[in-house]
2 protein chains.
Amino acid sequence: MTGPERADAARNRAAILAAAAELFDRDGVEEVSMNDIARHAGVGKGTIFRRFGDRTALIEAVLLPRAAAMRRLVHHGPPPVGPGGEPLEALHALLDTLFDFVWANRTLIRALEHRVPHSYYAHSSSRYWLDELARRLTVTHPHDDTEYLTHILSTALRADVVDYLVSVRGMALDQVRAGLHRLAFPCVPPPSLADVDRRSVS
Amino acid sequence: MTGPERADAARNRAAILAAAAELFDRDGVEEVSMNDIARHAGVGKGTIFRRFGDRTALIEAVLLPRAAAMRRLVHHGPPPVGPGGEPLEALHALLDTLFDFVWANRTLIRALEHRVPHSYYAHSSSRYWLDELARRLTVTHPHDDTEYLTHILSTALRADVVDYLVSVRGMALDQVRAGLHRLAFPCVPPPSLADVDRRSVS
DNA sequence: TCACGATACGGACCGGCGGTCCACATCGGC
DNA sequence: GCCGATGTGGACCGCCGGTCCGTATCGTGA
């Protein structure tokens, strides 16, 4: 066991991740076999399993850097999504950021949920933003049942729920986004469309 | 093509459905192969495929009579869940009936959703109770966005969402049920626990 | 009762999957 | 340049859902 990883191994890891990301995105996760990825990356199938263990771990490995980027944005980025902004703006910015992340990675997220039931809520890389959401809700909704609200919002943010609204019910993305913000304030009338537009364009 | 079906064929259909229902229930849908079902039913694998077409259709066939029973209850049963009762009671009774159905058949429903994305909302045997829910909401919430409310409630009734709350978060069934009823009336305080108990015991 | 076409049966068989194995190639410190 | 540690790749494995077809069973009309 030398320090980290041999040079050729690192090269192959990168090639596999790139090939997997491209094929998953292009053809849908379920349509891509491990053999496809191996061929496309120019490596043997055994190499993939040696690097990543199994199919589930490979999917996670493709998703991980994207989740980490979002996490960095939330924890160290500029306000309003990063720390230091006005609480209400911070909550809405977080919702938008989560929504964008879920939408952009919906195929990977759905595939993971498919292979590891409840991973959407229970997976460690999900927990942190569920907790962050709860934290911001506690500030903006000090008198409500924030655990309950967190659950409602995180369910509305499920990749398959959003996907259904858009691809089966034909809702526009901004409609779904507006519904999400409205859900956070169930007892006030929904904001005017102009407000919603201003927020989601930023 | 004689009239309906030969006697041995009908016998086998029943045996297959019974075997599938038992194994799905006992071991979980994903753990049961078509060979398992064939062996357990005492028929050849070919017979299953001849009768039902493919695995998805077999799962649907196991679920169908249960959904039909619920449908009968809602359309022809005694009030409050059947027609003729007081609107508010009718809505709550429907929510309870749907909740019980989803919980009792959560493994089958999840397996179907797994094989046919969005089937939970889009499948014909789901449509009718989504429509019924919307109908009753229109009566009890004449001034609200009932389409939106229907979506929120049907999402809260997803088999995987309920399953997560119970099996991962450790919520009691009656808590989840209470949350469902509360969701239908977001702007009034939740009913006292006594009310909830009275309703769900009936 | 029997004969015969229509129908159903069942398990060998197929292609493809995720995952394993191991003879061989490649790396990199000395 | 040597040599043990590390990495490689594709043949191979068991299993899956699904098909095929020679054989068995049904039920009708005579």
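Note that the structure is a prediction, hence the values are computed from the model and not measured. Numbered from 1 within each chain, the chains take letters A, B, ... in sequence-line order.
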**Student:** Looking at D145(A) and R182(B), does any basic side-chain N land under 4.0 Å from a carboxylate oxygen?
**Tutor:**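 A salt bridge links D145(A) with R182(B).
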
**Student:** Using whole Å, report how far CZ of R6(B) lies from C1' of dC4(C).
**Tutor:** 13 Å

**Student:** Kindly state whether the ring of H141(B) and the ring of Y148(B) have centres lying under 6.0 angstrom apart.
**Tutor:**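 No.
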
**Student:** Figure out the CZ/P separation between F52(B) and dG10(C), and round it to whole Å.
**Tutor:** 14 Å

**Student:** Could you walk me through whether D100(A) and T97(A) pass side chain to side chain donor-acceptor pair (under 3.5 Å), step by step?
**Tutor:** CA-CA 5 Å; D100(A) 292 339; T97(A) 304; 5.8 Å; no

**Student:** Within this structure, what is the CD1-to-C1' distance between I37(B) and dG11(C), rounded to whole angstrom?
**Tutor:**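 Atom-to-atom, I37(B) to dG11(C), this comes out as 17 Å.
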
**Student:** Using a cut-off of strictly less than 4.0 Å, decide whether R51(B) has a side-chain nitrogen or oxygen near OP1 or OP2 of dA8(C).
**Tutor:**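 Result: yes.
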
**Student:** Measure from the side-chain N and O atoms of T47(A) to the backbone N and O of V43(A), and report whether any donor-acceptor pair falls under 3.5 Å.
**Tutor:** no

**Student:** Between C1' on dG9(D) and CZ on R39(A), what's the gap in Å once rounded to a whole number?
**Tutor:** 13 Å

**Student:** Provide, to the nearest angstrom, the distance between the CD atom belonging to E5(B) and the P atom belonging to dC26(D).
**Tutor:**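 Spelled out: CD on E5(B) to P on dC26(D) is 14 Å.
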
**Student:** Under the side chain to side chain donor-acceptor pair (under 3.5 Å) rule, collect the residues that match up with R39(A), sequence neighbours excluded.
**Tutor:**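 With sequence neighbours excluded, R39(A) shows a side chain to side chain donor-acceptor pair (under 3.5 Å) to no residue whatsoever.
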
**Student:** Sort me out a list of protein N/O and nucleotides 16-20 of chain C N/O pairs below 3.5 Å, or just none if empty.
**Tutor:**
| from | atom 1 | to | atom 2 | distance (Å) |
| --- | --- | --- | --- | --- |
| dG18(C) | OP1 | R55(A) | NH1 | 3.1 |
| dG18(C) | OP2 | M34(A) | N | 3.0 |
| dG18(C) | N7 | K45(A) | NZ | 3.4 |
| dG19(C) | OP2 | R55(A) | N | 2.9 |
| dG19(C) | N7 | K45(A) | NZ | 3.1 |
| dG19(C) | O6 | K45(A) | NZ | 2.3 |

**Student:** Do the ring planes of Y128(A) and H75(A) sit parallel (below 30°), tilted (30 to 60°) or perpendicular (above 60°)?
**Tutor:**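 Perpendicular: the ring planes of Y128(A) and H75(A) meet at over 60°.
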
**Student:** Are H181(B) and F99(B) an aromatic pair, judged by ring center distance below 6.0 Å?
**Tutor:**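 No, too far apart.
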
**Student:** Just to confirm, is there a sub-4.0 Å distance from OP1 or OP2 of dG7(D) to any side-chain nitrogen or oxygen of T47(A)?
**Tutor:**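 No.
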
**Student:** Below 3.5 Å, does any donor atom in the side chain of R50(A) face an acceptor in the base of dT8(D), or the other way round?
**Tutor:** no

**Student:** Whole angstroms only, please: what is the CG-C1' distance between D8(B) and dC9(C)?
**Tutor:** 8 Å

**Student:** To the side chain of A7(B), which of dG7(D), dC9(C), dG27(D) is closest?
**Tutor:**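 Out of dG7(D), dC9(C), dG27(D), the nucleotide with an atom closest to A7(B)'s side chain is dG27(D).
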
**Student:** Using whole Å, report how far CD1 of I48(B) lies from C1' of dA8(C).
**Tutor:** 14 Å

